[in-house]
Amino acid sequence: MPDENQQPPQAPQPNPERKTLDDRAKMTELERIRHSCAHVMATAILRLWPDAQFAYGPPVENGFYYDMELKHRIAPEDFEKIEAEMKKEIKANNVFERIVVTREQAIAQAQSGRLGGLTDRPGNASKFKLDLLQQIPEGEPISYYKNGDFIDLCAGPHVMRTGNIGAFKLTSVAAAYYKGDEKGPQLQRIYGTAFKNKTALDEYFKMLEEAKRRDHRKIGAEMGLFAIDTEFVGPGMPLWLPKGTVLVEELEKLAKETEFAAGYVRVRTPHLAREKMYKTSGHLPYYAESMFPPIELDLLRGKPDEIAKREALGEEVAFLRSQVLSAAADLVVGDNPLIGDVDLVGNDDEEFQLQKMQTLWEDGTLMAGAGIVGEFVAKQQNWELMQPELYYLKAMNCPHHHRIFAAEPHSYRDLPLRLAEYGTCYRYEQSGELFGLMRVRSMNMNDAHIYCTEDQFADEFRAVNEMYLKYFKIFGLEKYQMRFSTSAPEGLGKKYVNEPELWKKTEDMVRRVLIESGINFVEVANEAAFYGPKIDVQVWSAIGREFTIATNQVDFAVPARFGLQYKDRDNTMKTPLCIHRAPLGTHERFIGFLIEHYAGNFPLWLAPDQVRVITIGAEDDPASAPLIAYAKGIAAELRGQMVRVSTDFSNSPIKGKIQDAEQLRVHTMLVIGGRDMDAGAVSVRLHGKGPQGAKAKGEVVAEILAAIRERRA
RNA sequence: GCCAAUGUAGCUCAGUGGUAGAGCAACGGUUUCGUAAACCGUAGGUCGUCGGUUCAAUCCCGACCAUUGGCUCCA
């Protein structure tokens with residue numbers, strides 16, 4: 001809801017995401033069309049609702065949007081009206097005229113409401129434009145773009161005339177925060193798309209239709225792969241049905257074979273760990289909100305007397321605490337020369353004061369009030385020991401693996417140590433973020449942690465990348481990109497562990513390996529994990545949609561927090577580096593991706609229904625008995641070789657049985673009639689590819705087994 | 001978590017202020033059929049949940065839950 005009283009922040013921070021003029025000049029023809037279309041949409045909206053205030057209106061991957069504040073709530077029913085006005089503006093073929101102004105002129109016109117408007121709008125200043133003006137660095141030219149009556153603060157570039165916008169359509173309306181700031185005003189955002197011509201626009205919508213057809217939620221339900229039982233299990237926690245479990249286990253098999261060959265060893269860990277685990281790892285308190293709330297294990301449960309004692313002690317501790325705090329205040333007021341420490345002055349952080357008092361007491365500096373502090377420290381410790389224990393569901397596997405490393409002494413000879421596990425993790429994703437299998441709260445990660453020395457790092461990291469490429473090949477992924485996320489100096493000590501040299505060293509190492517092994521990557525600053533640089537792996541499905549499926553991180557910080565060490569050649573203890581890697585990401589997201597990628601038509605090795613034996617003749621017909629026996633023999637032979645085979649000996653007409661199997665997406669159908677039986681043959685039909693003709697039984701069986709073993713596409 | 005839309009049978013969807021309908025799937029039967037549907041029948045629903053208005057609510061109103069599209073987030 002636009003709030004009239006809510007003003008944009010008065011002293012905006014420079015926006016690091018802000019595009020420079022150079023960046024803007026690189027806009028493609030299509031981006032110019034879309035950016036221009038955003039202006040045309042604003043023009044149309046102003047004709048309908050002249051009080052609208054506009055914020056940002058950029059081109060985006062599949063179109064454009066414009067954010068605005070407007071009392072009227074735009075609904076999809078309004079699109080037709082807006083589009084009609086847009087068509088008029090395009091038909092008028094107005095020139096996009098660039099006007100360079102001074103900062104003073106721009107501020108004056110923003111104050112009069114002229115910017116992002118069709119006319120002056122007294123009393124309705126262009127408040128977002130005023131804010132945007134403040135972000136333009138001194139010395140950078142300030143420009144307007146004008147089409148017809150509409151004038152917008154804009155660095156461009158645009159197409160020549162409104163008529164150059166070939167074809168467009170408004171697509172959706174959504175809410176968006178001003179500058180993406182959750183605390184900022186919430187604006188209405190209208191999305192649209194535009195193309196050079198109608199043909200390209202139609203193609204785009206066709207692609208969307210295709211994506212809808214391949215939607216993993218739709219196909220997952222059709223094929224009986226998974227269910228999300230929000231009522232009994234909970235939102236975001238998929239149940240794998242038998243056929244989906246086939247996919248899960250085939251992927252695990254692939255990963256286990258691949259990792260075994262690459263020298264990994266497997267481990268298993270519980271789903272829970274004590275609070276200390278995540279305090280040590282550093283995940284608490286920073287990521288507490290992404291974790292499920294802890295399970296409280298009260299050792300005094302069922303002992304009311306003990307609980308009463310604990311409560312009494314709690315009150316006593318609270319009282320002593322206030323005594324210590326007032327002693328701290330006295331110290332400062334009294335300016336005790338013995339202390340010689342003025343840290344306490346002006347610092348009203350109670351925890352800090354308590355800590356300081358405790359330190360002074362411990363080193364014997366404290367004279368007055370020492371008794372109280374001592375009592376407080378002792379009783380507080382006692383009280384803390386009586387508190388319930390907290391156990392957290394794990395949101396990541398690394399801490400458990402670190403403890404496995406710590407469970408045994410290690411020497412440099414043990415390294416690299418590669419611990420792999422399909423570990424189940426739980427993350428409390430916000431309700432609005434859940435999305436089918438793609439964003440869930442319970443997930444199975446293809447996880448492993450590689451502990452290695454600095455010298456080994458490059459080889460290990462390279463091997464991990466090669467594993468990614470191997471998987472891409474199996475799944476026929478032709479387009480991929482690795483996003484190399486690095487730190488930013490201003491985040492050190494806040495968002496990132498404060499180890500500037502280690503950051504630089506590891507980032508350099510990662511960059512070098514990426515370049516040396518010819519990996520397709522882009523580098524993005526300020527998106528690393530808190531413990532080290534990160535590589536997100538993006539892949540594109542068969543229909544060209546992008547998915548971030550895997551992640552790969554370098555960790556030079558957390559092993560040290562856990563005190564992990566190995567004894568080096570020189571007999572000194574050293575801390576290993578750790579590479580977190582999950583090439584197949586989570587089962588949930590990866591299978592969601594595969595469903596779309598294959599449109600549910602999985603290759604034979606993955607297909608939940610690999611083979612179905614279909615007879616021309618029914619089991620309940622005595623005349624067909626020899627045929628059924630022949631068919632059962634084939635099914636049994638395949639089943640004996642671990643092939644997932646089903647049979648259909650029902651009395652339905654053959655066309656019906658074929659259709660059932662096709663709709664189920666059974667990969668290979670073996671259609672068997674009297675002719676086949678007499679020839680010792682089977683007729684093969686492949687899903688989506690039709691009949692392949694009859695072949696000798698032995699040949700067909702061998703072919704099926706080979707295709708599965710080789711994981712043929 | 002925020003904004004909006006949606007929620008009727010396993011699936012796709014109709015429908016009405018007077019206690020619900022179709023097609024497909026399922027089940028039963030007839031048919032004995034050579035590669036995407038032969039025919040007949042049966043069963044299936046507290047109309048997301050809770051509350052309010054009303055003589056009467058699946059329908060009107062409110063809250064909640066869930067899903068979807070976005071935003072924010074994604075160690």
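No hydrogens, no waters, no symmetry mates; every other heavy atom, side chains included, goes into these values. Proteins come first, then strands; the chains are lettered A, B, ... in the order of their sequence lines, and each starts at number 1.
- A donor-acceptor contact under 3.5 angstrom links the side-chain atoms of A:Ser683 to the base of B:G34.
- Comparing B:A36, B:A75, B:C33 against the side chain of A:Lys534 picks out B:A75 as the nearest.
- Across all strands shown, the partner of B:C71 is B:G1, judged by Watson-Crick or G-U wobble contacts whose two distances both fall under 3.5 Å.
- Looking at A:Arg685, its side chain comes within 3.5 Å of the base of B:A36 through a donor and an acceptor atom.
- Residue A:Arg217 is the one, among A:Met396 and A:Arg217, whose nearest nucleotide of RNA chain B lies closer to the 5' end (criterion: closest heavy atom).
- Comparing B:A14 with B:C60, their P atoms are spaced 15 Å from each other, to the whole Å.
- Among B:G69, B:A36, B:G34, the nucleotide with an atom closest to any side-chain atom of A:Ile616 is B:G34.
- Look at the C1' atom in both B:G51 and B:C65: the space between them is 14 Å, to the nearest Å.
- Comparing atom distances between the A:Ile654 side chain and each of B:A75, B:C73, B:U35 picks out B:U35 as nearest.
- Side-chain proximity of A:Glu433 to the nucleotides B:A75, B:A37, B:C73 is greatest for B:C73.
- OP1 or OP2 of B:G1 sits under 4.0 Å from a side-chain N or O of A:Ser431.
- B:G17: no Watson-Crick or G-U partner with both key distances under 3.5 Å is found in any strand.
- Nearest nucleotide to the A:Arg427 side chain, out of B:U35, B:G69, B:A75: B:A75.
- Contact annotation: side chain of A:Thr230 to base of B:U67, donor-acceptor pair absent below 3.5 Å.
- Closest to the side chain of A:Tyr191, from the set B:G70, B:U72, B:A38, is B:G70.
- Using Watson-Crick or G-U wobble geometry with both donor-acceptor distances under 3.5 Å, B:U6 finds its partner in B:A66.
- As rounded to whole Å, 10 Å separates atom P of B:G70 from atom CG of A:Asn62.
- With a cut-off of 3.5 Å on both pairing distances, the Watson-Crick or G-U wobble partner of B:A22 is B:U12.
- The side-chain tip of A:Arg274 does not point at the ring of A:Tyr392 from less than 6.0 angstrom away and within 45° of straight on.
- With B:C71, B:A75, B:A38 as the choices, the nucleotide that has an atom nearest any side-chain atom of A:Tyr287 turns out to be B:A75.
- Listed candidates were B:C71, B:G69, B:U35. Nearest to the side chain of A:Pro691 is B:U35.
- On the C1' atoms, B:U6 is 16 Å away from B:U49, given to the nearest whole Å.
- Between the side chains of A:Ser431 and A:Glu433, no donor-acceptor pair is found at a separation under 3.5 Å.
- Residues A:Thr551 and A:His687 both approach RNA chain B. Their nearest nucleotides, taken by heavy-atom distance, put A:His687 toward the 5′ side.
- The existence of a salt bridge linking A:Glu210 and A:Lys206 is excluded, since no basic side-chain nitrogen approaches an acidic carboxylate oxygen closer than 4.0 Å.
- B:G29 and B:G17 have their C1' atoms separated by 42 Å, given to the nearest Å.
- With hydrogens and angles left out, the side-chain atoms of A:Thr548 and A:Asp536 include no donor and acceptor closer than 3.5 Å.
- The pairing partner recorded for B:A37 is none, the criterion being a Watson-Crick or G-U wobble arrangement whose two distances lie under 3.5 angstrom.
- One P atom belongs to B:U8, the other to B:G48, and the distance between them is 6 Å to the nearest Å.
- On the C1' atoms, B:G15 is 11 Å away from B:A22, given to the nearest whole Å.
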Scan the side chains in residues 221-235 of chain A for donor-acceptor partners under 3.5 Å anywhere in the protein, sequence neighbours excluded, and list what turns up.
| residue | atom | partner | partner atom | Å |
| --- | --- | --- | --- | --- |
| A:Glu222 | OE1 | A:Arg665 | NH1 | 3.1 |
| A:Asp229 | OD1 | A:Glu231 | N | 3.3 |
| A:Asp229 | OD1 | A:Phe232 | N | 3.0 |

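- The base of B:C73 lies close enough to the side chain of A:Arg439 for a donor and an acceptor atom to sit less than 3.5 Å apart.
- Straight-line distance between the C1' atoms of B:A57 and B:G62: roughly 14 Å, to the nearest whole Å.
- Pair assignment for B:A56 gives none, since no Watson-Crick or G-U wobble pairing has each distance under 3.5 Å.
- B:A5 and B:C73 have their P atoms separated by 24 Å, with the value rounded to a whole Å.
- Nearest nucleotide to the side chain of A:Leu434, out of B:A38, B:U67, B:C73: B:U67.
- Salt bridge annotation for A:Lys534-A:Glu527: absent, with no cationic side-chain nitrogen under 4.0 angstrom from a carboxylate oxygen.
- Shown here, B:G51 forms a base pair with B:C61; the pair counts as Watson-Crick or G-U wobble because both key distances fall under 3.5 Å.
- Each of A:Leu564, A:Asp555, A:Leu577 was checked for a side chain to side chain contact (heavy atoms under 4.5 Å, CB included) with A:Tyr451, and the lone residue meeting it is A:Leu564.
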